[in-house]
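What follows is a set of notes on a single structure, which appears directly below.
Sequence lines set the chain letters: A, B, ... in the order given, protein chains first and strands last, and positions in each chain run from 1.
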Amino acid sequence: MPISLYNSLTRRTEPFAPLDPQRVTMYLCGPTVYNYVHIGNARGPVVFDVLARLLRRHYPNVVYARNITDVEDKINAAAQREGVSIGTITDRYTHAYHEDMAGLGIVPPDLEPHATAHIGEIIAMNETLIANGHAYAAEGHVLFNVDSYPAYGALSGRDTEELIAGARVEIAPYKKNPADFVLWKPSTPDLAGWDSPWGRGRPGWHIECSAMCAAQLGETIDIHAGGVDLLFPHHENEIAQSTSAHGGKTFARWWMHNGMLTFDGRKMSKSLGNVLLVHELLKLHPPEALRLLLLRGHYRQPLDWSENAIQQATSTLDGWYRVLRDLAPIDIPSGGLPVPERIEAALCDDLNTPQALAELSQLADKARHSGSSEAKAVLLGGGALLGLLQQDPDAWLKRGENAVDAAHVDDLLEQRRVARGARDFARADAIRDELTAMGIVIEDGAQGTRWSVLKG
RNA sequence: GGCCUGGUGGCAGAGUGGUCAUGCAGCGGCCUGCAAAGCCGCGUACGCCGGUUCGAUUCCGACCUAGGCCUCCA
């Protein structure tokens with residue numbers, strides 16, 4: 001089944017074909033590790049995790065890189081504020097990032113390059129750019145010469161004239177063109193820095209991704225992804241740098257951008273301060289519901305966070321897990337779970353996860369109605385492609401079990417069973433009320449009474 | 001101001017030139033000791049105004065409106 005993906009560069013959905021089917025390359029702009037990430041930051045990693053899963057079904061060797069930016073001014077600021085080295089800051093938040101991503105069911109990328117491990121490549125790329133006239137050194141800085149790259153603005157659909165007219169760019173005396181951007185900048189002795197031909201300094205923001213892509217994946221990669229807010233200037237600058245450094249070679253063949261997560265209709269962002277940290281949300285809500293919530297909208301559209309939305313996602317998963325719970329356990333076939341065609345088709349259509357989730361609902365209905373192990377396997381297989389439904393159903397339905405006393409619940413249910421046997425329904429209902437007050441919902445069935453945690 | 005996206009039923013959110021999205025919530029019924037779960041059924045959804053068309057939520061244009069980027073940002 002062919003995969004079609006929207007390409008921000010051409011503004012069209014195009015049939016995807018990798019340059020080398022034996023080695024598909026994908027790069028996602030990762031976090032700058034100076035703080036915990038918020039749920040909006042997790043949208044890209046979740047969405048492109050699904051893409052990676054899909055690509056792996058189609059190609060034998062997918063190399064997926066998601067970087068860690070561990071040198072940046074905000075890291076410096078955090079380190080100075082706490083009076084510690086930048087390594088202390090970056091280690092702490094890299095670790096937290098791994099925890100958060102794992103919590104959301106994201107498969108670790110194949111490669112996780114660190115910017116500080118590529119300083120040599122960054123310096124070398126600067127030297128190349130200077131040597132071929134695409135960059136120049138000035139006052140300890142190295143700047144990219146935008147005028148040397150006529151295609152500048154092709155990705156974001158703007159031209160340098162507009163940028164200057166907008167007067168939003170930093171006008172620095174050492175710039176030849178106000179739109180020129182920094183590739184390398186000097187560090188004061190109290191800041192992290194590396195020796196370079198231009199003195200002790202540190203990389204500018206955009207160059208690290210270019211250097212890491214080339215070092216880890218090659219000069220031309222198949223897919224470069226990130227949030228739509230990175231489209232300009234970050235990705236535009238990456239294209240200019242990489243293409244200029246590599247003799248005009250195409251940098252990334254597909255550019256993919258996920259829409260923003262909004263909160264009360266506004267983009268969730270650190271600068272607006274309206275953020276919800278993944279680290280906190282994982283404690284407040286079932287992690288899988290967070291993942292489902294992020295997949296409920298198409299990745300290119302904005303998606304609004306709300307308490308109601310997370311409740312809806314939780315309820316949906318309740319229903320699916322009840323189906324799985326009520327069906328006999330199955331052996332996973334040696335070839336892996338079957339992947340339902342309709343779900344794969346939805347994902348192949350520019351990662352239409354809402355459509356895929358609608359199909360998953362259909363599969364849940366089928367499994368419930370037929371009660372067959374085949375139908376259960378297909379439901380699980382569809383869930384697996386999306387990174388959902390892979391936990392033990394009882395563990396899901398009794399989530400927070402450590403918060404409630406399972407033995408106590410079982411004891412109450414036994415008392416209720418005895419009361420019902422004696423047709424003492426007043427007593428039985430009183431026990432049920434007590435359980436309800438504990439946040440437990442019960443179901444009387446043919447095989448006895450089952451319980452699960454109510455919402456949340 | 002420039003460049004982009006959107007406006008779908010109570011909420012979320014796909015999609016399509018001419019029967020059905022889907023989920024959550026709600027209502028009625030069945031089932032149940034009563035519930036829960038499940039099952040059956042229900043609600044005249046496509047911002048506004050024009051145009052194209054036999055027919056438009058879907059195509060075109062104007063308008064209104066929301067959001068994103070243009071500065072750090074996933």
Side-chain angles (χ1 to χ4, degrees), chain A residues 8 11 28-32 34 37-48 66 72-74 153 156-159 161-170 179 205 225-236 257-262 265-272 275 292-306 308-320 322-323 325-326 346 349 352-362 364-365 368-369 397 420 423-426 428-429 432-433 435-436 440-445 449-452 454:
Chain A
S8 303
R11 300 198 184 109
L28 173 66
C29 287
T32 301
Y34 69 98
V37 294
H38 60 74
I39 187 71
N41 294 315
R43 190 176 186 190
V46 167
V47 162
F48 295 111
R66 187 185 65 205
E72 211 264 348
D73 286 355
K74 283 175 184 151
S156 55
R158 58 192 94 211
D159 59 52
E161 299 297 316
E162 278 173 25
L163 289 172
I164 297 158
R168 284 283 190 53
V169 292
E170 183 191 0
W205 174 35
V228 69
D229 54 349
L230 296 185
L231 199 145
F232 188 90
H234 186 54
H235 290 162
E236 192 72 63
H257 293 96
N258 62 276
M260 297 293 98
L261 190 75
T262 60
R266 287 255 154 206
K267 173 185 175 183
M268 188 181 285
S269 79
K270 289 168 191 166
S271 42
L272 288 174
V275 301
L292 175 59
L293 169 62
L294 293 176
L295 293 174
R296 288 207 322 165
H298 185 84
Y299 76 96
R300 285 194 277 121
Q301 296 310 133
L303 181 68
D304 196 46
W305 169 274
S306 70
N308 187 40
I310 188 69
Q311 289 300 333
Q312 290 192 8
T314 305
S315 296
T316 299
L317 284 167
D318 282 346
W320 291 343
R322 262 195 303 269
V323 173
R325 177 196 63 182
D326 293 343
D349 180 16
N352 191 337
T353 53
Q355 183 62 44
L357 292 168
E359 299 295 346
L360 201 62
S361 281
Q362 301 295 301
D365 284 344
R368 191 189 303 109
H369 295 153
L397 292 165
R420 292 179 76 213
R423 303 196 66 76
D424 180 0
F425 295 120
D429 290 350
R432 183 170 58 204
D433 290 344
L435 287 163
T436 304
I440 303 294
V441 59
I442 63 173
E443 303 163 47
D444 294 326
T449 299
R450 290 170 143 158
W451 64 273
S452 52
L454 185 67

Looking at the side chain of [X], which of [options] is the nearest nucleotide?
X	options	value
Arg158(A)	G33(B), G2(B), U22(B)	G2(B)
Gln312(A)	A25(B), G68(B), G23(B)	G23(B)
Asp444(A)	A14(B), C34(B), C70(B)	C34(B)
Asp429(A)	A74(B), C34(B), G6(B)	C34(B)
Thr316(A)	A14(B), C24(B), C72(B)	C24(B)
His298(A)	A14(B), G23(B), G68(B)	A14(B)
Leu261(A)	A74(B), C24(B), C70(B)	A74(B)
Gln362(A)	A74(B), U22(B), C72(B)	U22(B)

Contact class for [X] (heavy atom, under 4.0 Å): base, sugar-phosphate, or nothing?
X	result
Leu231(A)	nothing
Ser271(A)	base
Glu359(A)	nothing
Asn308(A)	sugar-phosphate
Gly265(A)	sugar-phosphate

Please answer whether the main-chain N or O of Gly265(A) pairs with a side-chain N or O of Asp304(A) as donor and acceptor at a distance below 3.5 Å.
yes
Around Arg423(A), counting heavy atoms of other residues, nucleotides and ligands shown, do more than 12 lie under 6.0 Å from its CZ?
no
Between [N] ([atom2]) and [X] ([atom1]): distance, integer Å:
X	N	atom1	atom2	result
Asn258(A)	C4(B)	CG	C1'	16 Å
Gln311(A)	G23(B)	CD	C1'	14 Å
Asp326(A)	A37(B)	CG	C1'	8 Å
Leu360(A)	G13(B)	CG	P	19 Å
Lys267(A)	U5(B)	NZ	P	18 Å
Ile310(A)	G13(B)	CD1	P	13 Å
Asp318(A)	A36(B)	CG	C1'	12 Å
Arg11(A)	C3(B)	CZ	P	11 Å

Quote, to the nearest angstrom, the [atom1] distance that separates [N] from [M].
N	M	atom1	result
A74(B)	A56(B)	C1'	37 Å
A21(B)	U16(B)	P	14 Å
C11(B)	C59(B)	C1'	30 Å
G18(B)	G13(B)	P	25 Å
C39(B)	C64(B)	C1'	46 Å
G67(B)	C54(B)	C1'	39 Å
G6(B)	C20(B)	P	23 Å
C40(B)	U52(B)	C1'	44 Å

Measure across Arg296(A) and Ala313(A) and return the closest heavy-atom pair with its distance rounded to 0.1 Å.
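Distance-wise, the nearest heavy atoms are NH1-N, 4.4 Å.
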For Pro354(A) and Gly297(A), work out which heavy atoms get closest and say how close.
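Heavy atoms only, the tightest pair is CG-C, 3.6 Å.
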Can you find a donor-acceptor N/O pair under 3.5 angstrom joining the side chain of Arg432(A) to the base of C34(B)?
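Under the 3.5 Å cut-off, the side chain and the base do form a donor-acceptor pair.
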Contacts of His234(A) that satisfy ring-ring contact (aromatic ring centres under 6.0 Å, His included) - sequence neighbours left out:
Trp205(A), His206(A)
Do Glu72(A) and Thr32(A) have side-chain atoms, one donor and one acceptor, less than 3.5 Å apart?
no
Using Watson-Crick pairs (N1 to N3, plus N6-O4 or O6-N4) and G-U wobble pairs, both distances under 3.5 Å, which stems of at least 3 pairs involve RNA chain B?
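RNA chain B forms these stems: B:1-7 with B:64-70, B:10-12 with B:22-24, B:26-30 with B:38-42, B:49-51 with B:59-61.
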Should the pair Phe48(A) and Tyr299(A) be assigned to parallel (<30°), tilted (30 to 60°) or perpendicular (>60°) ring geometry?
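Because their plane-to-plane angle is over 60°, the rings of Phe48(A) and Tyr299(A) count as perpendicular.
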Return whichever of Trp320(A) or Met268(A) has its heavy-atom-nearest nucleotide of RNA chain B closer to the 5' end.
Trp320(A)
Position toward the 5' end of RNA chain B (nearest nucleotide), Ile442(A) or Ser306(A)
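Between the two, 5'-proximity favours Ser306(A).
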Shorter than 3.5 Å, N or O on both sides, protein versus nucleotides 38-41 of chain B: list them out with atom names.
| residue | atom | partner | partner atom | Å |
| --- | --- | --- | --- | --- |
| C39(B) | OP1 | Arg368(A) | NH1 | 2.9 |
| C39(B) | OP1 | His369(A) | NE2 | 3.0 |

Output, in order, the C-alpha distance, side-chain angles, deciding distance and verdict of side chain to side chain contact (heavy atoms under 4.5 Å, CB included) for Leu397(A) and Arg450(A).
CA-CA 10 Å; Leu397(A) 292 165; Arg450(A) 290 170 143 158; over 6 Å; no
Which one of Gln301(A), Met268(A), Lys267(A) satisfies the side-chain contact (heavy atoms from CB on, under 4.5 Å) criterion with Met260(A)?
Lys267(A)
Run the numbers on Arg43(A) and Val46(A) for side chain to side chain contact (heavy atoms under 4.5 Å, CB included), then give the verdict.
CA-CA 5 Å; Arg43(A) 190 176 186 190; Val46(A) 167; 6.0 Å; no
Heavy-atom side-chain contact between Leu294(A) and Ile39(A) under 4.5 Å:
yes
Using side chain to side chain donor-acceptor pair (under 3.5 Å) as the criterion, point out the one residue from His257(A), His235(A), Arg300(A) that pairs with Ser8(A).
His257(A)
Are Arg296(A) and G23(B) close enough that a side-chain N or O sits under 4.0 Å from OP1 or OP2?
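So the side chain of Arg296(A) is outside the cut-off, no N or O lying under 4.0 Å from OP1 or OP2 of G23(B).
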